[in-house]
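Note that the structure is predicted; figures quoted are calculated from it, not measured. Counting starts at 1 for both ligands and their atoms, following the listed order.
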Amino acid sequence: MQEIAINDLNGFRYLPGYFDRASQQELLDDVRSVVSQAPLYQPVMPKTGKPYSVKMSNCGPLGWVSDINGYRYQQQHPDTKTPWPDIPSRLTSLWETLAPDAPPAEACLINFYKAKARMGLHQDRDERTFNAPVVSVSLGDTATFRIGGLSRKDPTKSFRLQSGDVVVLGGDARLAFHGIDRVLAGTSTLLKNGGRINLTLRRVNEAE
Ligand code: MD3
Ligand code: FE
């Protein structure tokens with residue numbers, strides 16, 4: 001376990017190789033089961049309706065969605081209108097291990113990146129509480145991840161996130177600007193047709 005200080009932000013933990021290959025395969029099977037019930041959909045940006053390059057789904061009581069009207073957490077899949085599947089037990093266990101003081105995770109966002117997909121620099125601030133950390137798992141092709149400070153203008157550092165790596169964003173890092181610059185195609189054999197999956201577990205509401 002290592003904790004890396006970035007731009008004086010505490011609470012960024014980078015856990016390379018947290019999941020071995022067998023565990024990555026099990027997580028992938030979990031993701032396939034979720035996506036068979038809650039298919040990946042194409043989110044679009046509020047106001048402009050421009051599609052993201054990333055496709056998304058969710059599991060848990062709440063899911064993060066973005067459409068022409070805005071970003072929000074909601075209980076139903078935007079296309080099928082049915083509740084999101086449960087968070088697989090392997091991921092609830094991960095949350096309990098890495099966020100032991102936090103109430104249960106309410107949302108697990110699934111991001112799917114094909115080779116050319118990216119995610120611009122942003123903050124995760126659609127939740128109603130920032131006390132709990134965000135826990136993120138990477139599967140499939142390696143990506144270059146960028147993280148800065150609490151202001152968009154702050155300097156950034158970039159890291160490679162490989163299949164099986166876990167990142168925990170707590171403390172001040174919870175509101176750090178971050179994004180995915182690019183996916184390095186062909187760097188993993190986990191996904192037969194390539195691409196990258198990122199799972200982010202989040203608490204949305206204040207503890208009851
Ligand atoms: C730093 N996902 O879903 S994961 C997102 O790889 C998101 O798909 C990226 O940013 C991805 O919002 C990055 C690592 C990550 C996740 C949440 C964070 C880094 C973070 C929240 C605060 C600061
Ligand atoms: Fe984010």
Item checked: Distance-only polar pair, side chains of Asn111 and Thr200, donor-acceptor under 3.5 Å -> no
Margin query: Which of the numbered atoms in ligand 1 are under 4.0 angstrom from any heavy atom belonging to Asp124?
Written below: 12 (O), 17 (C), 18 (C), 21 (C)
Next item on the list: Taking all heavy atoms of Ala38 and all of Trp84, pick out the closest pair and write down the distance.
Entry: CB-CE3, 4.0 Å
Note to self: Restricting to ring-ring contact (aromatic ring centres under 6.0 Å, His included), what partner residues turn up for Tyr71, sequence neighbours left out?
What the structure shows: Trp64
Note to self: Below a 4.0 angstrom heavy-atom separation, can you tell me which part of Arg202, side chain or backbone, both or neither, approaches ligand 1?
What the structure shows: side chain
Check: Which option out of Leu169, Ile180, Val167 puts a heavy atom nearest to atom 15 (C) of ligand 1?
Finding: Leu169
Next item on the list: Taking the six-membered ring for Trp and the single ring otherwise, decide whether the centroids of Tyr14 and Phe145 are under 6.0 Å apart.
Entry: no
Notebook entry, point to check: Can you list the protein N, O or S atoms less than 2.8 Å from the Fe ion (ligand 2)?
Noted result: His122 NE2, Asp124 OD1, His178 NE2
Next item on the list: Would you mind checking which non-hydrogen protein atom is closest to atom 4 (S) of ligand 1, with the distance to 0.1 Å?
Entry: Ser136 OG, 3.3 Å
Next item on the list: May I ask you to identify, for Asn111, whether its side chain, its backbone, both or neither come under 4.0 Å of ligand 1 on a heavy-atom basis?
Entry: side chain
Next item on the list: Between Ala173 and ligand 1, find which residue part has any heavy-atom pair under 4.0 Å and reply side chain, backbone, both or neither.
Entry: backbone
Margin query: By the definition side chain to side chain donor-acceptor pair (under 3.5 Å), identify the one residue from Thr129, Asn58, Asp124, Asp126 that meets it with Arg202.
Written below: Asp124
Next item on the list: Please work out whether any backbone atom (N, CA, C, O) or any side-chain heavy atom from C-beta onward of Leu109 is under 4.0 Å from ligand 1, and answer side chain, backbone, both or neither.
Entry: side chain
Checklist line | Pairs meeting criterion salt bridge (charged side-chain N to carboxylate O under 4.0 Å, His left out) with involvement of residues 70-90, two or more places apart | finding: Glu26-Arg90, Asp30-Arg90, Asp67-Arg72
Next item on the list: Considering only non-hydrogen protein atoms, determine which one is nearest to atom 7 (C) of ligand 1 and report residue, atom name and distance to 0.1 Å.
Entry: Met119 SD, 3.6 Å
Item checked: Side-chain touch Ile110/Ile197, heavy atoms, less than 4.5 angstrom -> yes
Margin query: Any non-hydrogen side-chain atom of Leu191 less than 4.5 Å from a side-chain atom of Leu139?
Written below: no
Check: Are Val134 and ligand 1 in contact, using a heavy-atom cut-off of under 4.0 Å?
Finding: yes
Checklist line | Shortest non-hydrogen separation from Val168 to Pro133 and the atoms involved | finding: CG1-CB, 3.9 Å
Notebook entry, point to check: For atom 21 (C) of ligand 1, what is the nearest protein heavy atom, given as residue, atom name and distance?
Noted result: His178 CE1, 3.3 Å
Next item on the list: Could you note down all residue pairs passing salt bridge (charged side-chain N to carboxylate O under 4.0 Å, His left out) where residues 94-110 supplies at least one of them, sequence neighbours left out?
Entry: Glu106-Arg203
Next item on the list: For residues Pro46 and Ser66, determine if any side-chain heavy atom of one lies less than 4.5 Å from a side-chain heavy atom of the other.
Entry: yes
Next item on the list: Name the option, out of Phe130, Tyr113, Phe145, Phe112, that contains the heavy atom nearest to atom 11 (C) of ligand 1.
Entry: Tyr113
Margin query: Could you report the tightest heavy-atom contact between Ala117 and Val54, atom names first, then the distance?
Written below: CB-CG2, 4.3 Å
Next item on the list: Considering only non-hydrogen protein atoms, determine which one is nearest to atom 16 (C) of ligand 1 and report residue, atom name and distance to 0.1 Å.
Entry: Thr200 CG2, 3.8 Å
Next item on the list: Would you check whether Arg196 reaches within less than 4.0 Å of ligand 1, judged by its heavy atoms?
Entry: yes
Next item on the list: Go through the side-chain N and O atoms of Arg196 and Thr187 and say whether any donor and acceptor fall under 3.5 Å apart.
Entry: no
Notebook entry, point to check: Got the closest protein heavy atom to atom 22 (C) of ligand 1, with its distance?
Noted result: Arg174 O, 3.2 Å
Margin query: Using a 4.0 Å cutoff against the non-hydrogen atoms of Ala176, which atoms of ligand 1 qualify?
Written below: 23 (C)
